[in-house]
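These notes are about the structure you will find just below.
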Amino acid sequence: MTRHVLVIGIDGVRADVLRSAHVPHIDAIGDAGFRADVRVDDRNPTISAPVWASIASGVHRDRHGIDDNDLRGHHLDEYPDFLSRIRAHDPAATTFAAAAWAPLVSDAAGGPVFAPGGFRPELPTGVEDGTDDAALAAIAVMDDAVTSRTARELLSRDHAAVFAYLLLPDMVAHAEGVTVRYREAIERADEQVGVLRAAIEARPQRADEDWTIIVVTDHGHRDGGHHGGDSDAERTAWIAASGPGIDASSAAGASQADIGVHALYALGVPVPLGLDGRSWAATSTSPQPSRA
């Protein structure tokens, strides 16, 4: 069986809203493995770039050096993202990353977190970054483009690991808070998770493959929208994961920093000791990186 990993990031999804929303695809992943609330590590602010860097690299702000959404001065050369580690371990391996938020996959604001060569759809002509209705509509289109392109990559390429990121829920919450439209954006993201799951199932060689699938958010939101503080609503995130060796017991002590580490472990890539994350499926015969 060949091994593959898909990590899907959905920005700014409050855990309590996720539980009350209709999200059958995230539910199915959790039912096949685990879904758990996790706390944004106290070393990280509840800001996107520091948390996504922790998810990607397996270390927190005190080590990757990203304090806010300006990534300049980071230490990701010392603590690279899991896609880069996979390629460094096996130069023949390919990976793919796609995101509507530029710093994850481009040099905007000192990025990228996932380097190099990620896909980011462009804002439509005449639309500015922001949270007005035109900008939100454009972000919805960009998330569709990320989903479509990632689905094509999953269907047609033999990537070892893929990262796809969806932005709309976070931006809706910034625009108007935790509203009906916010819940709808989360449910739309779940439908996009379903598209990516279907692409995997449609692969011609699917019967001969083991897939680890992880879905994660970076932070929550206050009722009126926005984040960056220490309230439970902002610090409570969540992870849903399935794949070889993952079951309900894997949720115990799960951390966002585990995601990049587990992706390496799932593919048999050596995990450096001393990272903050750990694999959920490791046994006593498989060395674990120690938590700092």
Side-chain angles (χ1 to χ4, degrees), residues 8-23 25-26 35-55 60-61 66-71 99-105 108-109 111 113 120-121 123-124 127-147 164-193 215-240 256:
I8 305 168
I10 310 175
D11 206 295
V13 176
R14 262 178 54 158
D16 59 339
V17 181
L18 182 77
R19 285 192 293 273
S20 64
H22 179 65
V23 287
H25 299 290
I26 295 172
R35 190 174 93 188
D37 290 358
V38 298
R39 181 175 173 83
V40 177
D41 191 276
D42 289 338
R43 285 167 284 185
N44 289 336
T46 57
I47 297 173
S48 293
V51 180
W52 289 115
S54 293
I55 289 167
H60 296 300
R61 175 179 65 170
I66 298 172
D67 297 323
D68 54 32
N69 286 337
D70 185 340
L71 283 65
W101 191 45
L104 291 177
V105 292
V113 171
R120 189 222 179 198
L123 275 169
V127 177
E128 301 291 335
D129 281 316
T131 56
D132 59 22
D133 283 347
L136 293 177
I139 291 165
V141 171
M142 293 170 75
D143 278 357
D144 283 343
V146 165
T147 303
Y165 164 93
L166 304 172
L167 176 58
L168 184 62
D170 183 65
M171 299 306 291
V172 172
H174 279 297
E176 59 187 46
V178 178
T179 61
V180 170
R181 189 156 65 152
Y182 176 62
R183 183 189 307 272
E184 290 171 349
I186 293 169
E187 293 175 348
R188 177 190 180 104
D190 181 75
E191 292 172 359
Q192 292 164 327
V193 171
V215 188
V216 61
T217 199
D218 51 345
H219 53 69
H221 272 273
R222 298 187 286 274
D223 288 347
H226 308 302
H227 51 87
D230 288 325
S231 69
D232 286 345
E234 294 162 274
R235 282 224 171 258
T236 304
W238 52 269
I239 299 168
Q256 290 168 316

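Residue indices begin at 1 and follow the sequence shown.
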Restricting to non-hydrogen atoms, name the atom on [X] and the atom on [Y] that form the minimum distance, rounded to 0.1 Å.
X      : Y      : answer
Pro45  : Val40  : O-CG1, 4.2 Å
Ala15  : Ala237 : CB-O, 4.1 Å
Leu136 : Ala175 : CD1-CB, 3.9 Å
Val113 : Ala53  : CG1-CA, 4.1 Å
Ala185 : Pro169 : O-CG, 3.7 Å
Arg61  : Ser54  : N-OG, 4.3 Å

Under the side chain to side chain contact (heavy atoms under 4.5 Å, CB included) test against Ile26, which residue among Ile186, Leu18, Val13 passes?
Leu18

[X] side chain to [Y] main-chain N or O, any donor-acceptor pair under 3.5 Å?
X      : Y      : result
Trp101 : Ala49  : no
Arg235 : Asp41  : yes
Tyr165 : Val105 : no
Arg120 : Ala100 : yes
Thr46  : Gly229 : yes
Thr236 : Ala233 : no
Asp218 : Gly12  : yes
Asp143 : Leu168 : yes

Which value, rounded to the nearest 0.5 Å, describes the distance between [X] atom [atom1] and [Y] atom [atom2]?
X      : Y      : atom1 : atom2 : value
Gln256 : Ile55  : CD    : CD1   : 4.5 Å
Thr147 : Ile8   : OG1   : CD1   : 8.5 Å
Asp68  : Ile47  : CG    : CD1   : 6.0 Å
His221 : Asp11  : NE2   : CG    : 7.0 Å
Asp190 : Ile10  : CG    : CD1   : 7.0 Å
Arg35  : Trp238 : CZ    : CH2   : 7.5 Å

Does any donor atom in the side chain of [X] or [Y] lie under 3.5 Å from an acceptor atom in the other side chain?
X      : Y      : answer
His174 : His226 : yes
Ser48  : Asp170 : no
His60  : Asp42  : no

Crowding at CG, Asp232 (>12 non-hydrogen neighbours, <6.0 Å)
no

Under 4.0 Å between a Lys/Arg side-chain N and an Asp/Glu carboxylate O for Asp37 and Arg19?
yes

Show your reasoning for whether side chain to side chain contact (heavy atoms under 4.5 Å, CB included) applies to Glu184 and Arg188.
CA-CA 6 Å; Glu184 290 171 349; Arg188 177 190 180 104; over 6 Å; no

Side chain to side chain contact (heavy atoms under 4.5 Å, CB included) between Leu167 and Met142, intermediate numbers included
CA-CA 9 Å; Leu167 176 58; Met142 293 170 75; over 6 Å; no

Glu234 pairs by side chain to side chain donor-acceptor pair (under 3.5 Å) with which of His227, Arg14, Arg222?
Arg222

